[in-house]
Amino acid sequence: MFMRQLEYLVAVAREGHFGRAAEACRVSQPGLSAGIRKLEEELGLPLVIRSHRFLGLTLEGERVLAWAQRMVADYNGMRQDLSDASSGLSGTLRIGAIPAAIPALPALVNGFCARYPNVRVQLLSLASTAIQRGLDTLDIDAGVTYFENEPLSRVRSIALYDETYVFVTAAGAFSGRNAIGWSEAAAHPLCLLTSDMQNRRIVDRILAEAGVTSNPRIEANTFLGVWSLVRSGAWSGIVPHTYLETFEAPDHLVAIPLVDPVHSQSVGVVTSDRDPQSPLAGAFMRHAARRLGESVTRPPALTACA
């Protein structure tokens with residue numbers, strides 16, 4: 001029962017709502033509330049700020065939450081490990097991926113699902129900061145993110161591919177072009193991601209290196225939004241090369257590699273650098289390593305993970 005109480009606390013902190021937490025734990029809301037109250041009684045501390053709705057955790061609750069997240073993760077990892085030994089790996093692998101990397105994941109995820117038929121996969125589109133937070137709080141098992149630009153800390157890593165960039169625009173005068181400089185591309189009416197997205201910050205930095213300022217007429221917070229506007233032919237965009245595989249360019253558009261400078265950005269899988277590693281996270285990293293014929297690295301904190 002004590003472990004269930006910890007699970008209730010983790011769930012309500014994650015969901016920020018008693019009803020959603022109860023649903024996630026597959027228990028009634030009164031049952032969840034009673035479990036948390038029992039935990040408070042056992043610890044002799046108030047953990048939740050109560051009202052007619054969830055208002056947050058007390059200072060003591062935040063401290064208990066950090067322990068609870070680790071204890072629940074270790075308990076689930078133990079159960080997965082025992083399940084793996086008896087009937088094969090099972091459970092749900094939770095992957096947080098930056099939007100730019102999602103088009104490159106099907107082959108990796110499909111191969112993992114084929115190798116582990118009893119495992120379900122949940123793929124979440126997350127910013128790199130949310131991936132770091134999810135790994136730290138154990139809300140996700142693995143992340144797929146950039147390595148060099150804003151490197152994550154306290155992680156194991158393995159590189160998947162190098163991202164390059166293309167200028168997508170209406171064909172017209174650009175037909176037959178094999179390359180275009182970043183500064184020339186910036187002179188056209190651009191639609192780019194919003195500045196809270198790391199890919200946009202990378203593009204801004206490269207444009208600055210080319211001596212120009214990023215000044216898009218239109219911004220969108222998803223690549224689908226960017227591509228939809230660029231597809232209209234009224235705007236140009238700068239997108240990762242992987243998106244050419246997801247969104248096929250119609251005949252009236254061209255995709256031209258960007259040069260001056262030629263830039264690539266390493267993207268890879270990361271998991272929390274904690275021992276013991278969860279069976280699901282370990283299996284996913286080993287699968288990625290086998291697929292690429294590489295080894296998993298454990299970089300120092302706050303350094304590039306190439």
Side-chain angles (χ1 to χ4, degrees), residues 95-105 108 124-135 142-153 155 157-169 179-230 235-247 249 255-270 297 299 301-306:
I95 306 171
I98 56 172
I102 289 177
L105 293 184
L108 182 65
L124 306 172
S125 177
L126 298 176
S128 56
T129 53
I131 292 174
Q132 178 76 77
R133 184 167 57 252
L135 291 173
V144 182
T145 187
Y146 294 115
F147 280 178
E148 300 96 347
N149 188 59
E150 295 172 7
L152 273 60
S153 60
V155 295
S157 67
I158 182 168
L160 291 178
Y161 66 95
D162 288 333
E163 177 180 279
T164 58
Y165 305 94
V166 292
F167 179 67
V168 183
T169 190
I180 184 173
W182 287 81
S183 58
E184 182 182 355
H188 294 270
L190 290 177
C191 175
L192 299 177
L193 288 176
T194 51
S195 58
D196 59 315
M197 306 295 288
Q198 188 176 174
N199 178 271
R200 168 63 186 281
R201 296 193 293 275
I202 291 172
V203 167
D204 285 352
R205 178 167 55 81
I206 302 171
L207 287 170
E209 291 174 3
V212 293
T213 302
S214 171
N215 188 28
R217 285 283 308 278
I218 298 183
E219 295 178 316
N221 67 349
T222 67
F223 279 112
L224 177 60
V226 169
W227 191 265
S228 298
L229 287 157
V230 170
W235 313 98
S236 302
I238 296 173
V239 300
H241 74 281
T242 52
Y243 269 79
L244 297 182
E245 301 174 9
T246 300
F247 302 118
I256 310 170
L258 282 151
V259 296
D260 299 326
V262 174
H263 184 88
S264 64
Q265 197 77 28
S266 185
V267 176
V269 178
V270 292
T297 61
L302 301 179
T303 61
C305 305

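Everything numeric here is computed off the predicted structure, so don't read it as measured data.
- Across Leu105 and Ala97, no two heavy atoms sit closer than the pair CD1-CB, 3.8 Å.
- Counting heavy atoms from C-beta on, the side chains of Tyr243 and Val166 never come closer than 4.5 Å.
- Summarising the geometry of His241 relative to Asp162, their closest heavy-atom pair is CE1-O, 3.3 Å, with the distance given to 0.1 Å.
- Here CD1 of Ile158 is found 8.5 Å from CZ of Phe147. Values are rounded to the nearest 0.5 Å.
- In this structure, the separation between CD1 on Ile202 and CG on Leu207 is 12.0 Å, given to the nearest 0.5 Å.
- Closest of all the heavy-atom pairs between Thr242 and Pro103 is O-CB, 3.6 Å.
- Contact detail for Ser236 and Thr169: the closest heavy-atom pair is OG-OG1, 2.6 Å.
- Rounded to the nearest 0.5 Å, atoms CG (Leu126) and CD1 (Ile95) are 11.0 Å apart.
- In this structure, Gln132 contributes its side chain and Ser153 its backbone to a donor-acceptor pair below 3.5 Å.
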Walk me through whether Leu258 and Ile206 qualify under side-chain contact (heavy atoms from CB on, under 4.5 Å). CA-CA 10 Å; Leu258 282 151; Ile206 302 171; over 6 Å; no

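- Under the rule for a salt bridge (charged side-chain N to carboxylate O under 4.0 Å, His left out), Arg133 has no partner lying at least two apart in sequence or in another chain.
- With contacts defined as side-chain heavy-atom distances shorter than 4.5 Å, the pair Pro240/Phe223 qualifies.
- Considering only heavy atoms from C-beta on, Tyr146 stays 4.5 Å or farther from Ser128 through its side chain.
- In this structure, Thr222 and Pro99 have side chains that are not in contact, with every pair of non-hydrogen atoms separated by 4.5 Å or more.
- When every heavy atom of Ala101 is checked against every heavy atom of Val267, the shortest pair comes out as CB-CG1, 4.0 Å.
- Here the side chains of His263 and Arg205 are in contact, with some heavy-atom distance below 4.5 Å.
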Tabulate below the donor-acceptor pairs under 3.5 Å that side-chain atoms of residues 179-194 make, not counting sequence neighbours, or state none.
unit_1 : atom_1 : unit_2 : atom_2 : d
Trp182 : NE1    : Pro261 : O      : 2.8
Glu184 : OE1    : Arg177 : NH2    : 3.0
Glu184 : OE2    : Arg177 : NH1    : 3.3
Thr194 : OG1    : Asp196 : OD1    : 2.4

List the atom pairs, donor and acceptor, that lie under 3.5 Å between side-chain atoms in residues 210-218 and the rest of the protein, sequence neighbours left out.
unit_1 : atom_1 : unit_2 : atom_2 : d
Ser214 : OG     : Arg200 : NH2    : 3.4
Ser214 : OG     : Asp204 : OD1    : 2.8

For Ile98 and Asn199: C-alpha separation, side-chain torsions, deciding distance, then whether side-chain contact (heavy atoms from CB on, under 4.5 Å) applies. CA-CA 9 Å; Ile98 56 172; Asn199 178 271; over 6 Å; no

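- Not one N or O on the side chain of Glu148 forms a donor-acceptor pair closer than 3.5 Å with the backbone of Gln265.
- A donor atom on one side chain and an acceptor atom on the other are found under 3.5 Å apart for Glu163 and Tyr165.
- Residues Trp235 and Val226 have side chains not in contact (no heavy-atom distance under 4.5 Å, counting atoms from C-beta outward).
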